[in-house]
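Working notes, beginning with the structure itself.
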Amino acid sequence: MIVKLLLDRKREGGELSPDDIRALIDAYTRGEVPDYQMAAFAMAVCCKGMSAAETHALTDAMQHSGACLSWPGLSADKHSTGGIGDKLSLVIQPLAASCGISVPSLAGRGLGLTGGTVDKLESIPGYNAGLSLEDFKRVVAECGVSIAAQTAEIAPADKKLYALRDVTGTVPSIPLIVGSILSKKLAEGAGTLVFDVKCGGGAFMKTRADACALARALVDGAKAAGRKAAALVTAMDEPLGWAVGNALEIEEAIQVLRGGACGDRALPCDVVELSVELAALMVSLAKGVELDAARAECRANLANGAAYGRFAEMVKLHGGDLDAFASRSRGERRVVVAPRSGYVAKVGAEGIAQAAFDLGAGRAKAGDAIDFAAGVVLAVARGDRVEAGQPIAEVVAADNPGKLPHAEELVKNAIALADEPPEEYPLVLERMQ
Ligand code: URA
């Protein structure tokens, strides 16, 4: 393989063969292709795209650059492209497990404005997300679900390539994103994959067209690799649920897992509805049952405590202590009040996320410390009527309480008030199978 010739061909918009792509990825993983050539390759793909066959070959090569797991019986996982207040994995993975499916879930730590699923779980004292693959398999075998941190053995080619893309302006390419996400999920081994592709101001994919293209490519790629797959494209212009911030989101997820009707003001309806929808997709695809039957099973398992039972067992097997979590120090709080009367026209996801980040809930670079207690708890949602002076949110910080007044301003600016109620819009924008 002469890398320069592959780069020439890709630059001119030509198609590379599966063998070319495999040879390139294998050599890069072994350290035989320098970063400058791989960066040129990534940029050529960004500019010229890839055919479905090339994307499949890239995904396959990266998947097989490390360990590939497999699971006995029915197994499924859900992947979200990430959004503000997106604590759905904490609900969905144990909920699907409570319906009799194995749910092996390797997740990421967050870079950017708010923490990732692993950061959220690590706000539970003792929770060890850094399991070996052997321990990961043991926890899934014992309680049906494990949410652990991505290990170095899974798709090492993606780890290397993603770090390079991150610093060379080559992240926003659908074939590269598909290869990156799918290689990890396919290596994880679940037989069914469900994708929640977020779309809007608080998401990676800002437009509906881009979100749909990514969802289509993820589903097609997973199916081409022999898995059952479906995707929802869901709105991410406003945070999901009331809480944004690591421990705050765990608290909210526990509330949802403990059940209750969705009409109860304390329960976030969007989190309940989307969790049921995505878990039901996993269950219906994995078991081959009707979606309505799967929805009914999921709703029942939220109400009867079965889903919470799986969550509590998973936390215990990971060394976490939910009693210590319940009695943790909660940091300092400051109430944000409505500056005027009116209807909540929008709760801007970016502004809320920025407030949570400035309070210490996220990390700017790998290895930065997180304030698990920090974040924002909303008291109102789009469409609510509020009166001037009424509490609309709380901002929370433990390590940096001096940042609370600044965060209060950000939250006040993020919650737009208007004279007329806003139009409703659906949470689920598209379904793909
Ligand atoms: N998440 C990933 O894992 N990879 C990408 O390329 C983009 C988002």
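First listed ligand is number 1; within each ligand, the first listed atom is number 1. Note that these values count all heavy atoms, side chains included, but never hydrogens, waters or copies made by symmetry. Counting begins at 1 with the first residue of the sequence.
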*Per-atom contacts, ligand 1 versus Phe204 - under 4.0 Å to a heavy atom*: 7 (C), 8 (C)

_Shortest protein heavy-atom distance from atom 4 (N) of ligand 1, along with the residue and atom involved_ = Ser180 OG, 2.6 Å

*Which residues pass the ring pair (Phe, Tyr, Trp, His ring centres under 6.0 Å) test with His79, sequence neighbours left out?*
none

_Tyr162: numbered ligand 1 atoms lying under 4.0 Å from its heavy atoms_ = 4 (N), 5 (C), 6 (O), 7 (C)

_For atom 1 (N) of ligand 1, what's the nearest protein heavy-atom neighbour? Residue, atom name and distance, please._
Ile181 CG1, 4.0 Å

*Do other residues, nucleotides or ligands put more than 12 heavy atoms under 6.0 Å from Lys159 NZ?*
no

*Partner residues of Ser75 under the side-chain hydrogen bond (donor to acceptor under 3.5 Å, both in side chains) criterion, sequence neighbours left out*: none

*Between Glu54 and Lys10, does at least one N-O distance fall below 4.0 Å, as a salt bridge requires?*
yes

_Salt bridge or not between Glu313 and Lys316? Use side-chain N to carboxylate O under 4.0 Å._
no

_I'd like to check whether Lys184 has a polar contact with ligand 1, where a contact means an N/O of the residue lying under 3.5 Å from an N/O of the ligand._
yes

